[in-house]
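Structure, as structure tokens:
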There are 2 protein chains.
Amino acid sequence: MSDSISDVTIAKHDVQSADCRKISQVLARIGEKWSVLIIMMLSGGTRRFSDLRRDVDGISQRMLTLCLRGLERDGLVKRTVFPVVPPRVDYELTALGRSLCEPVVALGTWARDHTAEIDAARAAFDQRANLDGRRPDDD
Amino acid sequence: MSDSISDVTIAKHDVQSADCRKISQVLARIGEKWSVLIIMMLSGGTRRFSDLRRDVDGISQRMLTLCLRGLERDGLVKRTVFPVVPPRVDYELTALGRSLCEPVVALGTWARDHTAEIDAARAAFDQRANLDGRRPDDD
DNA sequence: GTCAGACATGAATGTGCCTTCTTGTGCGAG
DNA sequence: CTCGCACAAGAAGGCACATTCATGTCTGAC
């Protein structure tokens, strides 16, 4: 195994996996618990903090703040502070954020269409694991 | 706020957010660190454990095992054990797993195309945060 | 007997998201 | 003065994924 062959192989592979790793990072971010909910809500237009808070079932003020901050940091969301009292803060998707909606919707469509299959697979897997009392085998 | 209006509003909203939550769960799963790498590798055809181990830079035997088991449980991957010594175990995408590749690739394309923007947004956000020594404002 | 190969798993630890609870800010109303 | 409003943030703890290290399994070769 000469260095030149090893370099070529690794270099080629790195290019591929660098893409995959970036995918993975993006997925990890938008896969955070509240991200998609919030992105999809903002896809309908600018919303103020309290609107979002009320409409996202189960989210706390704290989590909403954190999530919005993360999305803002990624450039997906724009935050607008109004110099009024009581304070008012609006959030809207940026162009980047809006461009993310399509692939997210596509993935969401896939998830919705295949939920039953995934759940069934999990149930079957767990049943096989329980029956065997160990790792299920295919032999 | 009568019960009927409240019920209608909540019911309608739950339907939407139930979808979003399922999306979020799926995203969280495939957003796990190694999932996409492994899915995309298997998209090229059946691979044996040790092949995957060698080709995924940085993954340990342990993490590969765990990740593959998770994907198998979700029905995305099929595991085939050969009754030979030394042991041989092959993994391949199921039809479900293959159907996932398209949306994942679409999202990956988006991520690759917008990496620079996200990175720039992050840098800008962090710089604003540092300059202000506090929460950046848009006023 | 030991060792190797290929894969799976147990145990302990680290990390980061998630959550709850609490406090802070800046004004106006009473 | 206290309280309310709308939003942001600090502190502490929980939980699950990720990691490292070690061990286990089943055979064949030596």
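Remember, it's a predicted structure, so these values are computed and weren't measured experimentally.
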Query raised in the report: Is there a donor and acceptor pair closer than 3.5 Å between the side chain of Q61(B) and the base of dA6(C)?
Result: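 Under the 3.5 Å cut-off, the side chain and the base do not form any donor-acceptor pair.
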Rounded to the Å, how far apart are [X] [atom1] and [N] [atom2]?
X      : N       : atom1 : atom2 : result
R54(A) : dC5(D)  : CZ    : C1'   : 14 Å
L71(B) : dA8(C)  : CG    : C1'   : 16 Å
L66(B) : dC17(D) : CG    : P     : 10 Å
R29(A) : dC18(C) : CZ    : P     : 9 Å
D74(B) : dC17(D) : CG    : P     : 11 Å
L27(B) : dC17(D) : CG    : P     : 15 Å
I59(A) : dC18(C) : CD1   : C1'   : 10 Å
R53(A) : dC7(D)  : CZ    : C1'   : 10 Å

Requested in this report: Look at Y91(A) and dC7(D) and indicate whether a side-chain polar atom (N or O) is within less than 4.0 Å of OP1 or OP2.
Outcome: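 Answer no for this pair, as no side-chain N or O of Y91(A) is under 4.0 Å from OP1 or OP2.
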Query raised in the report: Would you say a side-chain N or O of T65(A) is under 4.0 Å from OP1 or OP2 of dA9(D)?
Result: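 The answer is no; no side-chain N or O of T65(A) sits under 4.0 Å from OP1 or OP2.
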Query raised in the report: Nearest nucleotide by nearest heavy atom, which residue falls closer to the 5' end of DNA chain C, S60(A) or P86(A)?
Result: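 Looking at the nearest nucleotide for each, S60(A) comes out on the 5' side.
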Query - M63(A) or P87(A), whichever maps to the more 5' nucleotide of DNA chain C - result: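 Whichever sits nearer the 5' end wins; that is M63(A).
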Main-chain N/O of [Y] paired to [X] side chain as donor or acceptor, under 3.5 Å:
X      : Y      : answer
S24(B) : V36(A) : no
S35(B) : G31(B) : no
R47(A) : I38(A) : no

Measure from the side-chain heavy atoms of [X] and tell me the nearest of [options].
X      : options                   : answer
R48(B) : dA6(C), dG26(C), dA8(D)   : dA6(C)
V85(B) : dA18(D), dC17(C), dT27(D) : dT27(D)
R69(B) : dT9(C), dC17(C), dT19(D)  : dT9(C)
K33(A) : dT19(C), dC17(D), dA6(C)  : dT19(C)
W34(B) : dC5(D), dA18(D), dT19(C)  : dA18(D)

Requested in this report: For S50(B), report the nucleic acid contact type (base, sugar-phosphate, nothing); a contact means any heavy atom under 4.0 Å.
Outcome: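 Result for S50(B) = sugar-phosphate.
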Query raised in the report: Which part of the nucleic acid, if any, lies within reach of R62(B) when heavy atoms closer than 4.0 Å are counted: base, sugar-phosphate only, or nothing?
Result: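 Touches a base.
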Query raised in the report: DNA chain D: V89(A) or E32(B), which has the more 5' nearest nucleotide?
Result: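 Result of the comparison: V89(A).
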Requested in this report: Compare all side-chain heavy atoms of F125(B) with those of D74(A) and state whether any distance is below 4.5 angstrom.
Outcome: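 Side chain of F125(B) against side chain of D74(A), heavy atoms only: no contact under 4.5 Å found.
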Query raised in the report: Does the pair L52(B) and I59(B) meet the rule for a side-chain contact (heavy atoms from CB on, under 4.5 Å), with working shown?
Result: CA-CA 9 Å; L52(B) 291 171; I59(B) 197 169; over 6 Å; no
Query raised in the report: What's the verdict on side-chain contact (heavy atoms from CB on, under 4.5 Å) for R73(A) and D126(B), showing C-alpha distance, side-chain angles and the deciding distance?
Result: CA-CA 8 Å; R73(A) 183 168 177 275; D126(B) 292 343; 2.9 Å; yes
